[in-house]
K.L.:
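Structure provided below as structure tokens; questions to follow.
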Amino acid sequence: MKTWLAATLALAAAAGAQAQAADPLKAAVASDHRSVGNVARDTWRHPYETLSFFGLKPTDTVVELSPGGGWYTEILAPYLREQGQLYAADGGSARFKAKMESLPVYAKVRITSFDPAKGLLDIAPPGSADAVLTFRNVHNWMGGGTAQAVFNAAFKALKPGGVLGVEEHRLPASRTQDPKAPTGYVQEATVIKLAETAGFKLAGRSEVNANPKDTADHPEGVWTLPPTYALKDKDRAKYQAIGESDRMTLKFVKP
């Protein structure tokens, strides 16, 4: 019985390895250099499904806007390393720079200066990118009054036919949109208007990052929810049960 079970597990492991080899994106998501804390969030962030929806290919030139701690960079870097190119449009974070210097898997990542408030918007050479991606950043740019300039910069960096992929905390259409988005939530219509004003065409919506439990009306905005828990231990179980925010996932194309 034990021999049969061991053989079955070995065959399953081999099949899994073959599947990853046949699908470079699955292999990138399963990369062993990813931090344990980041992997634990896959259940909420759905990286494989999200990046598949955006239509990425391992030969693409991709710009990641405001990578933060590098959650998606951990996946994009190995995925694009051999045949593509990843630009990380970062605001000069010493922490992010140190991360990019920490492992060989990040050796080909090109960091470009990105600070909309200072007018630093040359995220990649004009017309060079196949995709520009942003994850939960639009509210920050709205707060700084630079959102339209960022969308314009994405349009400039993309090739004709290139994709702008946007994931953002979603404010219900029935709510009033504050132009500064202080709660971290943004209406889909607001994002679509920013993109269309820049020249993009909406190519698709995905509900892969939707969370119907999120009412988007929390005391400390989206930061009330995990992983931030802005209220600390107050009502922690309640917010843990809700989970991470309800998010739109939108795909735009440059004509």
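If you're wondering where the values come from, they're calculated on a predicted model, not measured in any experiment.
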K.L.:
Strictly by modelled atom types, are Thr249 and Asn209 linked by a side-chain donor-acceptor pair under 3.5 Å?
P.N.:
yes

K.L.:
Looking at NZ of Lys159 and CG of Asp60, how far apart are the two atoms once the value is rounded to the nearest 0.5 Å?
P.N.:
7.5 Å

K.L.:
Measuring from atom OG of Ser93 to atom CE of Met100, what distance do you get when rounded to the nearest 0.5 angstrom?
P.N.:
9.5 Å

K.L.:
Using distance alone, with no hydrogens and no angle criterion, decide if Asp42 and Tyr48 have a side-chain donor and acceptor under 3.5 Å apart.
P.N.:
no

K.L.:
What about Ile192 and Phe200, same hydrophobic cluster or not, with Ile/Leu/Val/Met/Phe/Trp/Tyr joined at side-chain heavy-atom distances under 4.5 Å?
P.N.:
yes

K.L.:
Do Tyr185 and Asp178 meet the criterion of a side-chain donor-acceptor pair at a distance under 3.5 Å?
P.N.:
no

K.L.:
Hydrophobic cluster membership, with links at side-chain heavy-atom distances under 4.5 Å among I/L/V/M/F/W/Y: are Val150 and Val63 in one?
P.N.:
yes

K.L.:
Step by step, would you call Lys97 with Glu101 a side chain to side chain contact (heavy atoms under 4.5 Å, CB included)?
P.N.:
CA-CA 6 Å; Lys97 184 173 183 292; Glu101 294 173 348; 2.6 Å; yes

K.L.:
Does the ring center of Tyr229 lie less than 6.0 Å from the ring center of Tyr239?
P.N.:
no

K.L.:
Tell me, please, which residues at least two apart from His169 pass ring-ring contact (aromatic ring centres under 6.0 Å, His included).
P.N.:
His139

K.L.:
If I take atom NE2 from residue His46 and atom CG from residue Leu51, how far apart are they, to the nearest 0.5 angstrom?
P.N.:
12.5 Å

K.L.:
Give, for atom CD1 of Ile123 and atom OG of Ser113, the distance between the pair rounded to the nearest 0.5 Å.
P.N.:
12.5 Å

K.L.:
Using a strict threshold of under 4.0 Å (side-chain N to carboxylate O), is an ion pair present between Glu196 and Lys201?
P.N.:
no

K.L.:
Examine Leu158 and Phe54 and state if one hydrophobic cluster contains both, with Ile, Leu, Val, Met, Phe, Trp and Tyr joined whenever side-chain heavy atoms are less than 4.5 Å apart.
P.N.:
no

K.L.:
Would a single hydrophobic cluster contain both Val163 and Leu202, if residues Ile, Leu, Val, Met, Phe, Trp and Tyr are joined by side-chain heavy-atom contacts under 4.5 Å?
P.N.:
no

K.L.:
Is Arg170 paired with Glu188 through a side-chain N to carboxylate O contact shorter than 4.0 Å?
P.N.:
yes

K.L.:
Can Glu82 and Lys108 be said to form a salt bridge (charged side-chain N to carboxylate O under 4.0 Å, His left out), step by step?
P.N.:
CA-CA 9 Å; Glu82 298 302 323; Lys108 280 188 62 182; over 6 Å; no

K.L.:
State whether the number of non-hydrogen atoms from other residues, nucleotides or ligands found under 6.0 Å of Lys251 atom NZ is greater than 12.
P.N.:
yes

K.L.:
Look at the side chain of Ser128 and the backbone N and O of Pro125, then say whether any donor-acceptor pair between them is shorter than 3.5 Å.
P.N.:
yes

K.L.:
Would you indicate whether the side-chain heavy atoms of His33 and Tyr106 approach each other to under 4.5 Å?
P.N.:
yes

K.L.:
Applying side chain to side chain contact (heavy atoms under 4.5 Å, CB included) to Asp122 and Thr112, what does each step give before you reach the verdict?
P.N.:
CA-CA 7 Å; Asp122 292 328; Thr112 53; over 6 Å; no

K.L.:
Holding to ring-ring contact (aromatic ring centres under 6.0 Å, His included), I want the full list of residues that pass it with Phe53, two or more places apart in sequence or in another chain.
P.N.:
none

K.L.:
Please tell me whether Asn211 and Glu244 have a donor and an acceptor in their side chains that are separated by less than 3.5 angstrom.
P.N.:
no

K.L.:
Is Glu167 paired with Arg45 through a side-chain N to carboxylate O contact shorter than 4.0 Å?
P.N.:
no

K.L.:
Between atom CG of Asp130 and atom CG of Leu56, what is the distance when rounded to the nearest 0.5 Å?
P.N.:
9.0 Å

K.L.:
Checking Leu194 against Val166 for the side chain to side chain contact (heavy atoms under 4.5 Å, CB included) test, could you report, in this order, the C-alpha distance in whole Å, the side-chain angles of both residues, the deciding distance, and whether it holds?
P.N.:
CA-CA 11 Å; Leu194 286 165; Val166 181; over 6 Å; no

K.L.:
Is Thr146 reaching over with its side chain to a backbone N or O of Ala149, donor-acceptor style, under 3.5 angstrom?
P.N.:
no

K.L.:
Do the side chains of Arg95 and Asp90 get close enough for a salt bridge, i.e. N-O under 4.0 angstrom?
P.N.:
no

K.L.:
Name all pairs fulfilling the ring pair (Phe, Tyr, Trp, His ring centres under 6.0 Å) condition that reach into residues 57-97, sequence neighbours left out, sorted by first residue then second.
P.N.:
Tyr72-Phe135

K.L.:
About how many Å separate CD of Gln240 and CG of Asp235, when rounded to the nearest 0.5 Å?
P.N.:
12.5 Å

